[in-house]
Amino acid sequence: MTIIPPTIISLFVAVLSIVFASPVFSENASDKNYNGIAVTDLAGRSLYFNEAPKRIILGESRYLFALSIFNQENPLDIVVGMLADLKQIDSGSYRQYQEKFPEIDDIALVGHTSADSFSVEKVLSLNADLAIFGIEGHGPDTRHTQLINQLHDAGVKVVFLDFRNNPVVNTPKSIKLLGKILGYEKEATAFIDFYQEQLQRVIDGLATLDKQHSKPNVFLHSRVGLEDLCCETMVRGMMATFLKQAEGRNIAEEIVPGRAGILNFEYLLINQPDIYIATAIGHSDSLTFEKDDQSNRNNIPPYIVLGAGVNEYKAQQSFKRALSHINVNELNAVKSNKAYAIWHHFYNTPLNIAAVQVFAKWLYPDVFIDLKPRETLETLFSRFQSVPLNGTYWITLDQSVNAG
């Protein structure tokens, strides 16, 4: 009788355990059409996923717009925690989700609207397996190394997206990355194809510009009316990216060194912009009056109201009130009706291609006569979002001018 050494027996048992364990994983992966993937996120970090995440945290709840691309039936189904930014600074959109998905109110809040409020302890109590952050933004980002390491050590993978720093370039990359991680590559490809198609329409139109079309000087006024201080602007990234893509000249670019800053009003009076574009941070709760209601007209807030649930009349009235409140109506661009306003949150969502088209049409209306950004936005909502398009997302001071 041959005696097998114990070490050989142990090795044989180990091999058998691997062999017989493998089919279990393969079967689960096959059920989810998911065979393990290696990815590189937008911060250049390498990650490997054995299976699709089942319990995720949103570093900004506005990423629900991205999740909707993959699962229109219920983008909340694997979200167990998120920051409160959507509810607090874009309540119109939050209410849309709330009406269709009441369970959104049951999702745990892991912070308010800043990285400082983010609770690692709360995340760990939710047994999350993935946290989705932006490389820059309101929530935790690439600078929060200690927080990221804490999550990693607890088994929570962190992936970085970008709709803010370089949105036109990185939106398709972010959707492709997220689609691969979550197992929705087909849906990601459909969105990216549409996005690139609509971007190409702008690129093709701009290619026809001749020497008669000089770049218009544009002042991009950020978060109008949020503070009395005038005038906050975006210079690099965020909305400034859309302006640059549309070949407008940002008048703050040469004098503001950072990504955003302040231009004093005297500078604007001396260096008059050809076009004035404001971003709107107000939401549908801000205005309660109707068209024929004169009693509450004086209660219009000093900021522009756009987005979900806002009709065009209310948007127009808030725009006029904001311009008057901060005396921007003294600018020549405003006096000549070359004044426009747009939903501030476009750069925090993959819907931003509509904003690029709007900017192009405002800057070069004779070139983009056939471009219809409203139709683009309608398609984005009907094909790639969980809630319908219901609201006004940009407005012109001159109502006879339509960017639709």
Salt bridge (charged side-chain N to carboxylate O under 4.0 Å, His left out) between Arg223 and Glu232, intermediate numbers included: CA-CA 7 Å; Arg223 302 190 299 178; Glu232 183 181 272; 2.9 Å; yes
CG (Asp370) with more than 12 external heavy atoms under 6.0 Å: no
Lys/Arg N to Asp/Glu carboxylate O, Glu60 vs Arg164, below 4.0 Å: no
Gln200 CD: over 12 foreign heavy atoms closer than 6.0 Å: yes
Any donor-acceptor N/O pair, Ser119 side chain to Gly111 backbone, under 3.5 Å: no
Heavy-atom closest contact (Val224 atom, Ala322 atom, distance): CG1-CB, 4.0 Å
Test item: Ser91 side-chain N/O and Gln88 main-chain N/O as donor-acceptor pair under 3.5 Å: no
Intermediate values then yes/no, ring pair (Phe, Tyr, Trp, His ring centres under 6.0 Å), His345 and Tyr347: CA-CA 5 Å; His345 305 292; Tyr347 74 82; 7.9 Å; no
Donor-acceptor under 3.5 Å (Gln316 side chain, Leu397 main chain): yes
Any side-chain donor near an acceptor of the partner, Arg236 and Asn165, under 3.5 Å: no
Side chain to side chain contact (heavy atoms under 4.5 Å, CB included) between Ser222 and His344, intermediate numbers included: CA-CA 8 Å; Ser222 177; His344 183 82; 3.7 Å; yes
Under the salt bridge (charged side-chain N to carboxylate O under 4.0 Å, His left out) test, residues paired with Asp141 that sit two or more places apart: Arg143
Heavy-atom check, side chain of Ile353 versus side chain of Leu380, under 4.5 Å: yes
Tyr364 OH to Thr208 OG1 distance, which is reported to the nearest 0.5 Å: 10.5 Å
Passing candidate, ring pair (Phe, Tyr, Trp, His ring centres under 6.0 Å) with Phe384, options Phe191, Phe65, Tyr184, Phe70: Phe191
Full working for salt bridge (charged side-chain N to carboxylate O under 4.0 Å, His left out) between Arg249 and Glu254: CA-CA 10 Å; Arg249 180 180 173 272; Glu254 295 177 359; 3.5 Å; yes
Thr279 OG1 to Leu220 CG distance, which is reported to the nearest 0.5 Å: 7.0 Å
Face-on cation placement of Lys338 at Tyr276 ring, 6.0 Å and 45° thresholds: no
Side-chain donor/acceptor of Thr392 to backbone N/O of Trp394, under 3.5 Å: no
Heavy-atom donor-acceptor pair, Gln96 side chain to Pro388 backbone, under 3.5 Å: yes
Full working for side chain to side chain donor-acceptor pair (under 3.5 Å) between Gln272 and Asn217: CA-CA 8 Å; Gln272 292 271 353; Asn217 295 320; over 6 Å; no
Check: Phe368 main-chain N/O paired with Lys361 side-chain donor or acceptor under 3.5 Å: yes
Audit row: Lys54, Leu130, side chain to side chain contact (heavy atoms under 4.5 Å, CB included) steps and yes/no: CA-CA 8 Å; Lys54 301 179 182 66; Leu130 175 67; over 6 Å; no
Verdict with reasoning, Phe133 to Phe118, per ring pair (Phe, Tyr, Trp, His ring centres under 6.0 Å): CA-CA 11 Å; Phe133 295 160; Phe118 188 85; 5.5 Å; yes
Distance-only polar pair, side chains of Ser386 and Gln72, donor-acceptor under 3.5 Å: no
Leu76 vs Ile107 side-chain heavy atoms within contact, under 4.5 Å: yes
Steps toward side chain to side chain contact (heavy atoms under 4.5 Å, CB included) verdict (Phe163, Asn170): CA-CA 6 Å; Phe163 303 115; Asn170 287 339; over 6 Å; no
Between Arg55 and Asn127: side-chain donor-acceptor atoms closer than 3.5 Å: no
Donor-acceptor side-chain pairing of Thr171 and Asn352 below 3.5 angstrom: yes
His144, NE2: over 12 other non-hydrogen atoms inside 6.0 angstrom: yes
Pairwise side-chain contact, Ile395 with Trp343, heavy-atom cut-off 4.5 Å (strictly under): no
CD1-CD1 distance between Ile78 and Ile56, expressed to the nearest 0.5 angstrom: 4.0 Å
Flag, side chain of Asp90 to backbone of Gly307, donor-acceptor distance under 3.5 Å: no
Check: Thr142 and Phe160 side chains under 4.5 Å, non-hydrogen atoms: yes
Residue pairs, two or more places apart or on separate chains, that pass ring-ring contact (aromatic ring centres under 6.0 Å, His included) and touch residues 236-271: none
Any side-chain donor near an acceptor of the partner, Glu187 and Asn71, under 3.5 Å: no
Distance in Å, Asp162 CG paired with Leu177 CG, rounded so as to fall on 0.5 Å steps: 11.5 Å
Straight-line distance of Leu323 CG to Ile304 CD1, nearest 0.5 Å: 6.0 Å
Considering all heavy atoms, the nearest Pro167-Tyr195 contact: O-OH, 3.7 Å
Within 6.0 Å of CD in Glu73, more than 12 heavy atoms from elsewhere: no
Point-to-point distance, once rounded to the nearest 0.5 Å, from OG1 of Thr379 to CD of Gln385: 12.0 Å
Among Ile277, Leu331, Val328, side chain to side chain contact (heavy atoms under 4.5 Å, CB included) partner for His221: Val328
Ion pair check, Glu185 and Lys176, cut-off under 4.0 Å: no
Test log, rule side chain to side chain donor-acceptor pair (under 3.5 Å), inputs Thr241 and Asn166: CA-CA 7 Å; Thr241 306; Asn166 193 358; 4.8 Å; no
Salt-bridge contact Arg201-Glu197 (side-chain N to carboxylate O under 4.0 Å): no
Whether Asp85 side chain and Ser61 backbone form a donor-acceptor pair below 3.5 Å: yes
Trace of the side chain to side chain contact (heavy atoms under 4.5 Å, CB included) decision for Leu389 with Arg374: CA-CA 10 Å; Leu389 173 59; Arg374 178 71 183 188; 3.6 Å; yes
Check: Arg383 side chain, Phe194 main-chain N or O, donor-acceptor pair, under 3.5 Å: no
Flag, side chain of Ser318 to backbone of Ala315, donor-acceptor distance under 3.5 Å: yes
Working for side chain to side chain donor-acceptor pair (under 3.5 Å), residues Asp105 and Gln98: CA-CA 7 Å; Asp105 291 333; Gln98 187 182 47; 2.9 Å; yes
